[in-house]
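These numbers were taken from a predicted model, which means no experiment stands behind them. One-based numbering along the sequence shown.
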Amino acid sequence: MTAKVGVVVFPGSNCEHDVVEAVDSIGGSGELLWHKDNHLSDVDAVVLPGGFAHGDYLRTGAMARFSPIMEAVCRFAHDGGPVVGICNGFQILTESQLLPGALYKNRGLKFLCQPTTLRVESTSSVLTRGLSQGDELIVPINHFEGNYICSEATLAVLREKSQIVLTYTDNPNGATADIAGICNENGNVVGLMPHPERAAHPLLGSTDGALLLKGLISDD
């Protein structure tokens with residue numbers, strides 16, 4: 001049975017169609033969901049895509065967390081459903097307290113749009129369960145506020161419970177402990193700053209992002 005992935009569209013999202021196309025290309029079925037809906041239909045997984053939800057006017061992700069659909073997303077996540085936040089979606093997950101920490105302005109206060117090399121640190125998440133620890137992937141970033149920060153206590157918990165999913169081999173933004181992506185304790189909620197949907201086709205220069213997205217639609 002084809003896995004159906006709901007991709008939430010907020011005012012200002014700009015990567016939703018890229019995610020749908022990438023999901024479709026790996027054997028899933030992407031479906032756009034409007035942020036004002038209060039249900040998720042019958043999707044098997046949810047993606048919060050990149051962009052500038054609500055223009056990032058208050059704080060990145062801070063307004064999106066109050067969209068009606070986020071109540072359904074939170075219920076889905078708490079029930080064990082796979083939820084992935086990419087870039088702006090990661091920011092929304094932290095604002096919604098589905099993931100710890102916060103995203104801050106990049107070191108040097110520069111917008112970054114470039115390929116990055118990621119190292120798989122944990123295979124206990126829905127994105128990395130088909131990979132091996134130590135695998136390296138080339139996936140692009142595209143952000144100004146991608147610097148992941150958290151307290152020392154939170155960092156200790158993330159390390160202890162294998163919740164650091166991906167790290168940068170050459171930290172581009174100053175993120176704490178080189179963190180590029182984390183998951184919740186159960187591994188079903190993942191946030192990452194790099195864009196796997198932009199590395200899911202040979203014409204894009206890398207297909208490593210597809211390896212991550214395949215984990216999202218896997219039955220394992």
Side-chain angles (χ1 to χ4, degrees), residues 5 15 18-19 22-23 25-26 45 47-51 60 82-94 99-108 110-150 154-155 158-159 161-184 187-218 220:
V5 178
C15 297
D18 301 44
V19 174
V23 166
S25 73
I26 60 173
V47 173
L48 307 182
T60 51
V83 176
V84 171
I86 300 170
C87 198
N88 192 217
F90 187 5
Q91 296 161 342
I92 295 169
L93 290 178
T94 60
L99 289 175
L103 283 305
Y104 195 65
K105 293 180 176 61
N106 296 339
R107 175 183 57 202
K110 291 184 178 181
F111 179 83
L112 299 172
C113 182
Q114 64 196 51
T116 58
T117 301
L118 309 177
R119 184 181 188 275
V120 176
E121 300 293 346
S122 171
T123 59
S124 300
S125 79
V126 293
L127 277 191
T128 55
R129 54 187 171 183
L131 299 169
S132 299
Q133 186 175 6
D135 283 350
E136 292 192 355
L137 310 170
I138 297 176
V139 181
I141 56 172
N142 186 68
H143 59 245
F144 178 64
E145 298 188 40
N147 178 355
Y148 179 78
I149 60 173
C150 65
T154 295
L155 180 60
L158 292 176
R159 285 172 165 161
K161 298 186 176 181
S162 298
Q163 290 176 241
I164 299 175
V165 175
L166 298 164
T167 58
Y168 301 107
T169 61
D170 185 10
N171 191 334
N173 54 31
T176 300
D178 302 325
I179 289 173
I182 62 171
C183 67
N184 65 346
N188 64 299
V189 179
V190 182
L192 72 164
M193 287 310 298
H195 287 263
E197 79 281 5
R198 298 187 183 184
H201 191 283
L203 292 177
L204 297 176
S206 171
T207 57
D208 289 348
L211 300 177
L212 293 169
L213 294 174
K214 284 179 181 177
L216 182 61
I217 66 172
S218 172
D220 297 336

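Remark: S124 OG to I164 CD1 distance equals 12.5 Å, nearest 0.5 Å. Distance CZ/R119 to CG/L137: 11.0 Å, rounded to 0.5 Å. Here L213 contributes atom CG and I217 contributes atom CD1; the two are 8.0 Å apart, rounded to the nearest 0.5 Å. How far CD1 of I92 is from CG of L103: 11.0 Å, rounded to the nearest 0.5 Å.
A 4.5 Å side-chain heavy-atom check between L166 and P194 finds every atom pair outside the cut-off. With a 4.5 Å cut-off on side-chain heavy atoms, P100 and I182 count as touching. The side-chain heavy atoms of F111 and N142, taken from C-beta on, include a pair separated by under 4.5 Å. Using a 4.5 Å heavy-atom cutoff, the side chains of Y104 and N173 are not in contact.
When each of L99, L155, T94 is paired with C150, the side chain to side chain contact (heavy atoms under 4.5 Å, CB included) condition holds for L155 and for no other.
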Query - Derivation and outcome, side chain to side chain contact (heavy atoms under 4.5 Å, CB included), residues L216 and V47 - result: CA-CA 9 Å; L216 182 61; V47 173; 3.6 Å; yes
Query raised in the report: Passes side chain to side chain contact (heavy atoms under 4.5 Å, CB included), L112 versus F144? Steps please.
Result: CA-CA 6 Å; L112 299 172; F144 178 64; over 6 Å; no
Query - side chain to side chain contact (heavy atoms under 4.5 Å, CB included) assessment of I86 paired with L192 - result: CA-CA 5 Å; I86 300 170; L192 72 164; 4.0 Å; yes
Requested in this report: Mind running side chain to side chain contact (heavy atoms under 4.5 Å, CB included) on V190 and L93 for me, showing each step along the way?
Outcome: CA-CA 9 Å; V190 182; L93 290 178; over 6 Å; no
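Of the possible polar contacts, one joining the R129 side chain to the S218 backbone as a donor-acceptor pair under 3.5 Å is found. The backbone N or O of V139 sits nowhere less than 3.5 Å from a side-chain atom of D208 that would complete a donor-acceptor pair. Between the side chain of T176 and the backbone N or O of Y148 there is at least one donor-acceptor pair closer than 3.5 Å. Side-chain atoms of E136 do not come within 3.5 Å of backbone N or O of L118 as any donor-acceptor pair.
Judged as a side chain to side chain donor-acceptor pair (under 3.5 Å), and not counting sequence neighbours, K105 has no contacts. For the side chain to side chain contact (heavy atoms under 4.5 Å, CB included) test, residues two or more places apart in sequence or in another chain that qualify with C15 are P49, H195, E197, R198. Every residue two or more places apart in sequence or in another chain that forms a side chain to side chain donor-acceptor pair (under 3.5 Å) with T128 is listed here: S125. Shown here are the side chain to side chain donor-acceptor pair (under 3.5 Å) partners of N188, two or more places apart in sequence or in another chain: N184. Listed by chain and number, the residues in a side chain to side chain donor-acceptor pair (under 3.5 Å) with N171 are D178 (sequence neighbours excluded).
For residues 161-174, every residue pair satisfying the salt bridge (Lys or Arg N to Asp or Glu O under 4.0 Å) rule, not counting sequence neighbours, is listed here: K161-E185.
Between P202 and T207, the closest heavy-atom pair is N-CG2, 3.5 Å. Nearest heavy-atom pair across P172 and R107 is C-NH2, 3.8 Å. When all heavy atoms of A175 and G146 are compared, the closest pair comes out as CB-O, 4.5 Å. The minimum heavy-atom distance between A200 and S25, with the atom names listed, is O-OG, 4.3 Å. When all heavy atoms of E145 and M193 are compared, the pair lying nearest together is O-CE, 3.9 Å. Here the closest heavy-atom approach between residue V120 and residue L131 is recorded as CG2-CD1, 3.9 Å.
Side-chain contact check for T167 and E121: at least one donor-acceptor pair (N or O, by modelled atom type) lies under 3.5 Å.
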